[in-house]
Trainee: 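Right, I'll just put the structure down here and ask away after.
The first residue in the sequence is number 1, and the count goes up from there.
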Amino acid sequence: YVTYISLFFFSWDETHFGKMGSYYINRTFFFDVHPPLGKMLIGLAGYLSGYNGTFPFQKPGDRYEHHNYIGMRGFCAFLGSCLVPFAYLIVLELSKSLSAALLAASILIFDTGCITLSQYILLDPILMFFLMGAVLSMVKYNSCADRPFSAPWWFWLSLTGVNLAGAIGVKFVGLFVVLLVGLNTVYDLWELLGDLSLSLVTLGKHLLARVFCLILLPLALYTAQFAVHFAVLNKSGPGDGFFSSAFQSRLIGNNLHNVSIPEHLAYGSVITMKNLRMAGGYLHSHWHLYPEGVGARQQQVTAYLHKDLNNLWVIKKHDSNTDHLDPSCSVEFVRHGDVIRLEHKETSRNLHSHQHEAPMTRKHFQVTGYGINGTGDANDFWRIEVVGRKAGKRIKVLRSQIRLTHLATGCILGSSGKTLPKWGWEQVEVTCTPYVKETPNALWNVEDHINPKLPNISLDVLKPSFPEILLESHMVMIRGNSGLKPKENEVTSKPWHWPINYQGLRFSGVNETDHRVYLLGNPVVWWLNLVTIGLYLLMATCTIVAIKRGVQLTVEFKELSEVLLHSGGKMMLGWLLHYLPFFMMGRVLYFHHYFPAMLFSSMLTGITWDTLLKFCAGCLSCSVGKRVYTYGTLALMLLIVYSFYLFHPLSYGMVGPMASDPNSPMAGLRWLESWEF
């Protein structure tokens, strides 16, 4: 792990997470699809080690030069190296076998994939640290079951909760280890329920202790992470546009920060409307018309991501062209359920829809600007409604979520999120959807609000509360996760690729002159893990059948069966929980997503092979059995070490000809055509 220091250029996802560490140091707000803990810890490590947050992290391969990156990489490498003792202690606690623990630890020490992931500024080693910490704490408090409510029992139970909060706080896939601990807890409580020596009061204490340590404590710590996140990132930055206008008003440097505007919407007000979908943009129009053959040849209406005078609209009554800003007119507020007309301030055309098809989205209606100086037709009328409000209630700036329903067709104004061609200036398509759904695409809020007849209030009054921004940030993260698509020329993978080590990931370098690092698991280790999963299922099935058939087992074999079924079963369950859910995910997936599952399969390998060798040794004479066990364990260790010797350049860097070249020193090691090192 120490050799990471020699890699003084940055690579792959360091463009994201190194940059986010810089954002924390500079207190600049950004958006990411993962919870904040991992990035905060990276930023803290950089800050404490003297990094000033000025490196741009623009593209992989750029040199760090004089920037002090070692603290951030060293922090990730340290947490990655902790996986080895964690695996050792977990397997030792579960199997009570030193050989099994050493075998599991050796697999992680000599896996090229784990080393590669741990030597860069990434979230994966941080996630796996908390994940393994949670599993270790879980097995430790299980081992204290004969001493409930003792100091060690409380310590390990509480530490399990702390690690669960850490795992979820780094990535949402930390929920898989929460599920593992939850299932273990349910089984634990079920066993206690069957213990007739325990009173109902004692059972209640057990339940409350687990509720406090494994539910309330993690939730409190998880919420506290976001409180720190929002407190630190208080300056406007690249993440502003992903969040609502009310959220943005709390960021220093944002145009909504510390401004005063009228609170309630009134007729005659000049407004801007922002779509609530992630990066949805402002309702926008301009003098340009839709081209021939694209619906009606009328004025374009789009969603634009930037502030612009063409985002301004005047809100008017549908059946009147009265100037409500005239001093002689009294103020009349817009209310939920009113039928209104929106007139574009720069072009004086009305927001309009009809049954012509939208330019990009089939079965949606086109939205245009229509009319002259506010005079149009009945297709310019919209009913304004606020989500969750009753008819007649006033509409608040920033806070009210607005839905505009077209009176003539019943469709709803929304942003499709699709980018228009060059004739639409590559802005975002606005449509009127006939499919009534409560989605952010069809919801808007009023951001800018100009009305000289209304008193201004400070936006501090309208700033969202902490629970509101916590909920909003999670909604944005969930939408961002589900919307992740592969970038151009990006290498993605499928879950079935992962256990067979089918394809790796280029971390840095693409040609002969580059220092190339390639993320690929040690093939011998990964294929051994894969074979072991099948072997475990076979052994567990045979053992269960033997017990069910009443086969008489020796005391030693009974103990081995217990280790195989219960301890190995927990590792098998952990592997399944961290692997199978990816088959149901619609987002883009990468090879590194398998590594948490790989930790469990590695620990399962240690337990399974140790148990198998002990079963074999028990069937032989004492001296022969001992030699079989010793030589078998030693052979596995040597195989793992030798395979690491062969493949270690994948982690520490390769130079010279590519492996596809027969003259490359790595040519003979390209065992699969899909390996691109």
Side-chain angles (χ1 to χ4, degrees), residues 270-277 279-321 339-384 402-437 439 441-444 446 448:
V270 178
I271 63 172
T272 61
M273 293 180 60
K274 188 174 187 295
N275 189 257
L276 296 191
R277 75 179 297 276
Y282 297 92
L283 187 64
H284 176 96
S285 188
H286 39 236
W287 286 105
H288 304 279
L289 306 181
Y290 286 101
E292 199 72 46
V294 181
R297 191 164 167 76
Q298 296 173 7
Q299 187 169 294
Q300 295 176 17
V301 172
T302 64
Y304 188 48
L305 297 176
H306 306 285
K307 297 284 186 178
D308 191 271
L309 289 176
N310 281 324
N311 299 341
L312 297 174
W313 300 81
V314 183
I315 188 164
K316 295 191 173 184
K317 288 194 166 187
H318 74 287
D319 55 357
S320 169
N321 210 19
V339 178
I340 64 165
R341 179 166 52 85
L342 282 176
E343 183 181 308
H344 190 239
K345 190 171 188 303
E346 290 297 305
T347 64
S348 298
R349 298 193 189 277
N350 297 326
L351 184 70
H352 177 98
S353 187
H354 42 226
Q355 292 188 351
H356 290 273
E357 193 169 74
M360 306 287 290
T361 307
R362 295 185 61 193
K363 298 184 180 179
H364 283 210
F365 298 146
Q366 183 187 33
V367 177
T368 68
Y370 180 75
I372 300 173
N373 294 326
T375 303
D377 61 21
N379 282 329
D380 302 339
F381 303 156
W382 303 81
R383 177 177 286 107
I384 187 167
I402 296 169
R403 180 175 53 240
L404 288 176
T405 304
H406 192 239
L407 210 61
T409 63
C411 62
I412 297 174
L413 185 74
S415 167
S416 69
K418 297 176 181 177
T419 303
L420 292 168
K422 289 186 178 180
W423 56 255
W425 304 94
E426 296 182 343
Q427 295 172 10
V428 180
E429 180 191 37
V430 168
T431 70
C432 199
T433 171
Y435 308 106
V436 180
K437 292 181 181 178
T439 63
N441 300 51
L443 297 177
W444 307 78
V446 176
D448 298 293

Trainee: Could you check whether any side-chain N or O of Ser416 sits under 3.5 Å from a backbone N or O of Lys418, counting only pairs where one atom can act as donor and the other as acceptor?
Mentor: yes
Trainee: Measure from the side-chain N and O atoms of Asp308 to the backbone N and O of Asn310, and report whether any donor-acceptor pair falls under 3.5 Å.
Mentor: yes
Trainee: Determine, stepwise, if the pair Leu404 / Ile384 fulfils side chain to side chain contact (heavy atoms under 4.5 Å, CB included).
Mentor: CA-CA 5 Å; Leu404 288 176; Ile384 187 167; 3.9 Å; yes
Trainee: Rounded to the nearest 0.5 Å, how far does CZ of Phe365 lie from NE2 of His356?
Mentor: 11.0 Å
Trainee: Can a donor-acceptor pair be found between the side chains of Asn379 and His354 at a distance below 3.5 Å?
Mentor: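 Per modelled atom types, Asn379 and His354 side chains form no pair under 3.5 Å.
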Trainee: List the steps and the verdict of side chain to side chain contact (heavy atoms under 4.5 Å, CB included) for Thr272 and Val446.
Mentor: CA-CA 6 Å; Thr272 61; Val446 176; 6.0 Å; no
Trainee: Which heavy atom of Trp382 sits nearest a heavy atom of Leu413, and at what distance?
Mentor: CZ3-CB, 3.9 Å
Trainee: Inspect the contact between Glu343 and Arg341 and indicate whether a charged nitrogen and a carboxylate oxygen are less than 4.0 angstrom apart.
Mentor: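 Salt bridge between Arg341 and Glu343, a charged N being under 4.0 Å from a carboxylate O: yes.
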Trainee: How long is the straight-line distance from CZ of Phe381 back to NE2 of His352, given to the nearest 0.5 Å?
Mentor: 11.0 Å
Trainee: Quick one: does any side-chain atom of Thr368 pair with a main-chain N or O of Gln300 as donor and acceptor, under 3.5 Å?
Mentor: no
Trainee: Taking all non-hydrogen atoms of both residues into account, name the closest pair between Val301 and Gly369 and its distance.
Mentor: CG2-N, 3.6 Å
Trainee: Could you measure the distance from the CG atom of Asn350 to the OG atom of Ser285? Nearest 0.5 Å is fine.
Mentor: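 One finds 10.5 Å between CG of Asn350 and OG of Ser285.
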Trainee: Which atom names give the shortest non-hydrogen contact between Trp287 and Glu346, and what distance separates them?
Mentor: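 Looks like CZ2-O, 3.8 Å.
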Trainee: Only counting residues at least two apart or in another chain, list the ones meeting side-chain hydrogen bond (donor to acceptor under 3.5 Å, both in side chains) with Thr347.
Mentor: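 Residues passing side-chain hydrogen bond (donor to acceptor under 3.5 Å, both in side chains) with Thr347: Gln299, His344.
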Trainee: Could you tell me the separation between the CD atom of Gln366 and the OG1 atom of Thr431, rounded to the nearest 0.5 Å?
Mentor: 10.5 Å
Trainee: I'd like to check Arg403 versus Trp444 (side-chain heavy atoms, cut-off strictly below 4.5 Å). Are they in contact?
Mentor: no
Trainee: Knowing that exactly one of Lys363, His364, His406 qualifies, which makes a side-chain contact (heavy atoms from CB on, under 4.5 Å) with Thr433?
Mentor: His364
Trainee: What's the shortest heavy-atom distance between Asn275 and Leu443, and which atoms?
Mentor: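 In terms of heavy atoms, the two residues are closest at ND2-O, 3.3 Å.
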Trainee: How long is the gap from NZ on Lys274 to CG on Asp448, to the nearest 0.5 Å?
Mentor: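 Separation between the atoms: 11.5 Å.
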Trainee: So, taking the atom named CD1 in Ile340 and the one named CD1 in Ile315, what distance separates them when rounded to the nearest 0.5 Å?
Mentor: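 Rounded to the nearest 0.5 Å, the CD1-CD1 separation comes out at 4.0 Å.
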Trainee: Is Trp313 reaching over with its side chain to a backbone N or O of Leu283, donor-acceptor style, under 3.5 angstrom?
Mentor: yes
Trainee: Which heavy atom of Val270 sits nearest to which heavy atom of Val314, and what is that distance?
Mentor: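 The answer is CG2-CG2, 4.1 Å.
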Trainee: Sub-3.5 Å donor-acceptor pair from the side chain of Arg349 to the main-chain atoms of Gly371, do we have one?
Mentor: yes
Trainee: Quick one, Thr302 and Val367 - any side-chain contact, counting heavy atoms below 4.5 Å?
Mentor: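 Counting from C-beta outward, Thr302 and Val367 never come under 4.5 Å.
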Trainee: By ring-ring contact (aromatic ring centres under 6.0 Å, His included), which residues pair with His288, not counting sequence neighbours?
Mentor: His286, Trp425
Trainee: Determine the minimum heavy-atom distance between Cys432 and Ser353, stating which atoms define it.
Mentor: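 Shortest heavy-atom contact: CB-OG, 3.5 Å.
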Trainee: For side chain to side chain contact (heavy atoms under 4.5 Å, CB included), just list the numbers for Ile271 and Leu312, CA-CA rounded to whole Å, side-chain angles, deciding distance to a tenth of an Å, and then say yes or no.
Mentor: CA-CA 6 Å; Ile271 63 172; Leu312 297 174; over 6 Å; no
Trainee: Kindly determine whether Thr361 and Glu429 satisfy side-chain hydrogen bond (donor to acceptor under 3.5 Å, both in side chains), including the steps that lead there.
Mentor: CA-CA 8 Å; Thr361 307; Glu429 180 191 37; 2.6 Å; yes
Trainee: Between Met360 and Pro421, is any pair of side-chain heavy atoms under 4.5 Å apart?
Mentor: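 Counting from C-beta outward, Met360 and Pro421 do come under 4.5 Å.
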Trainee: Answer yes or no: is there a donor N or O on one side and an acceptor on the other, between the side chain of Ser348 and the main chain of Ile372, under 3.5 Å?
Mentor: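 Side chain of Ser348 to backbone of Ile372: no pair is present.
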Trainee: Could you name each residue pair satisfying ring-ring contact (aromatic ring centres under 6.0 Å, His included) that touches residues 289-310, not counting sequence neighbours?
Mentor: His284-Tyr304, Tyr290-Trp423, Tyr304-His306
